[in-house]
Amino acid sequence: MKSAAQAELIETAPGVVMKKVRRKSPVPIYGIGAVWVVYALLFPLYRMSDFLIAAVLSAGVWFLLERLFPGKTELVPAEAPPVSTGDTLADQLLTDGRAQLQKLRELNQAIPEPEVSRKIDRMTEIAGKILAFVRENPQKAGTVRKFLNYYLPTMTDLLASYVRMDRQEVAGKNISGAMTEIERIMDTVIPAFEKQLDALFQDEALDASVDIEVLRSMLVQEGLTGSDFASKE
């Protein structure tokens, strides 16, 4: 028999694991209670047959309401399963990176400024793609070690400070100045994150360029380009 809350893990984004939970509606339970209350008001409840009739009616009401009110499915945060790529460095970087992304998302929930929130969304998006690349190419984990061990954690720490200062609700020189500097450094960090992601695809882009040149040369040699190709049909 299935439980009231059935869980299924779903990775909605790199480093973001959600738990798919089906929550049953309480309406059928309320219906059963209503049956017993109404029956007790209308009929005596001191004979075994009365209890059996009420029980049968309750089962019928529960069966009907279960289909009319099936409940709903929700996605809630869940603990990500351990990372295992076969590469020790990649596994450690991915585990730490996931934790940093989770912290960034939690901090983002506490920041009311839409523009700052948008920038954090962009940072987490790019960082998530970098983690996805490392998971698919664990042998290249060393190329992003500094990014995942320094740049990403440092930005997380800065944004944690930003949240703490924002909660003070004081427009003092020190707080306002520090918050402004953190907002400005984000404009520098985001392009740097994008550049790091782009650099990861350098080898793939080079391979693609080589394949394109070889393909183009073969098409020319076979006379399958432009008007030559049309004449072959």
Side-chain angles (χ1 to χ4, degrees), residues 5-21 73-111 116-164 181-215:
Q6 302 164 348
E8 177 185 347
L9 294 182
I10 299 174
E11 188 168 13
T12 57
V16 183
V17 178
M18 304 294 284
K19 182 167 57 175
K20 189 176 182 180
V21 178
T73 300
E74 300 176 351
L75 288 178
V76 298
E79 184 177 353
V83 180
S84 180
T85 64
D87 184 287
T88 303
L89 176 60
D91 291 349
Q92 186 61 54
L93 291 177
L94 287 170
T95 299
D96 294 343
R98 278 183 171 182
Q100 293 299 325
L101 286 186
Q102 182 60 33
K103 289 180 182 177
L104 280 176
R105 294 187 181 94
E106 292 172 356
L107 291 170
N108 199 6
Q109 295 297 317
I111 294 177
V116 176
S117 181
R118 182 192 65 78
K119 293 176 182 179
I120 297 176
D121 284 339
R122 181 58 178 166
M123 287 173 51
T124 54
E125 177 187 5
I126 298 301
K129 290 180 179 180
I130 291 174
L131 290 179
F133 181 91
V134 173
R135 185 173 58 186
E136 295 174 3
N137 304 273
Q139 72 280 6
K140 296 186 178 181
T143 62
V144 296
R145 178 185 297 186
K146 190 171 185 179
F147 172 83
L148 294 174
N149 282 346
Y150 178 73
Y151 295 121
L152 186 59
T154 299
M155 277 310 307
T156 302
D157 292 341
L158 286 173
L159 288 168
S161 296
Y162 185 96
V163 170
R164 286 194 296 270
E181 286 301 312
I182 292 173
E183 292 175 10
R184 287 176 178 171
I185 194 61
M186 292 178 72
D187 292 329
T188 301
V189 167
I190 291 174
F193 278 27
E194 293 172 345
K195 187 175 181 179
Q196 174 69 80
L197 177 61
D198 183 69
L200 293 176
F201 287 87
Q202 180 178 0
D203 292 342
E204 188 169 338
L206 180 60
D207 292 341
S209 296
V210 172
D211 290 341
I212 290 171
E213 287 303 316
V214 171
L215 178 60

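Heavy-atom basis, side chains included; hydrogens, waters and symmetry copies ignored.
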Value for NZ (Lys195) from CZ (Phe147), rounded to nearest 0.5 Å, stands at 14.0 Å

Quick note, side-chain hydrogen bond (donor to acceptor under 3.5 Å, both in side chains) partners involving residues 147-157, not counting sequence neighbours, are Gln100-Thr156

Which of Asn108, Ile126, Val116 passes side-chain contact (heavy atoms from CB on, under 4.5 Å) with Asp121? It is Asn108

Rounded to the nearest 0.5 Å, the CZ atom of Arg135 sits from the CG atom of Asn137 at a distance of 11.5 Å

Do the non-hydrogen side-chain atoms of Leu152 and Phe193 ever get within less than 4.5 Å of each other?
-> yes

task = Mark yes or no for whether Asp87, through its side chain, and Leu89, through its backbone, hold a donor-acceptor pair below 3.5 Å.
result = yes

query: Counting only heavy atoms not in Glu213, do more than 12 sit closer than 6.0 Å to its CD atom?
result: yes

Checking Arg98, Arg105, Glu106 against Gln102 for side chain to side chain donor-acceptor pair (under 3.5 Å), the one that qualifies is Glu106

- Query: Can you check side chain to side chain contact (heavy atoms under 4.5 Å, CB included) on Ile185 and Met155, steps first, answer last?
  - Reply: CA-CA 9 Å; Ile185 194 61; Met155 277 310 307; 4.3 Å; yes

For Ala141 and Val134, the nearest pair of non-hydrogen atoms, with its separation, is CB-CG1, 4.1 Å

| task | Assess whether side chain to side chain contact (heavy atoms under 4.5 Å, CB included) is satisfied between Leu131 and Leu148, documenting all intermediate values. | result | CA-CA 9 Å; Leu131 290 179; Leu148 294 174; 3.8 Å; yes

Mind checking whether Arg122 and Met186 have side chains closer than 4.5 Å, heavy atoms only?
no

When rounded to the nearest 0.5 Å, the distance separating CG of Leu101 from CD of Glu125 is 11.5 Å

Point to revise | Within-4.5 Å side-chain heavy-atom neighbours: Thr143 and Leu200 | key: yes

State whether the side chain of Asp198 and the backbone N or O of Glu194 hold a donor-acceptor pair below 3.5 Å, judged by distance alone.
no

Flag the pair Lys103 / Leu159 as yes when at least one side-chain heavy-atom distance between them is below 4.5 Å, and no otherwise. no

Worksheet item: Is the number of heavy atoms from other residues, nucleotides or ligands within 6.0 Å of NZ (Lys140) greater than 12?
Response: yes

| request: Please tell me if the side chains of Leu107 and Ile120 come closer than 4.5 Å, counting only heavy atoms from C-beta onward. | output: no

**Prompt:** Do Val189 and Lys119 have side chains that get closer than 4.5 Å, going by heavy atoms?
**Reply:** no

Should we count CD of Glu183 as having more than 12 external heavy atoms under 6.0 Å?
yes

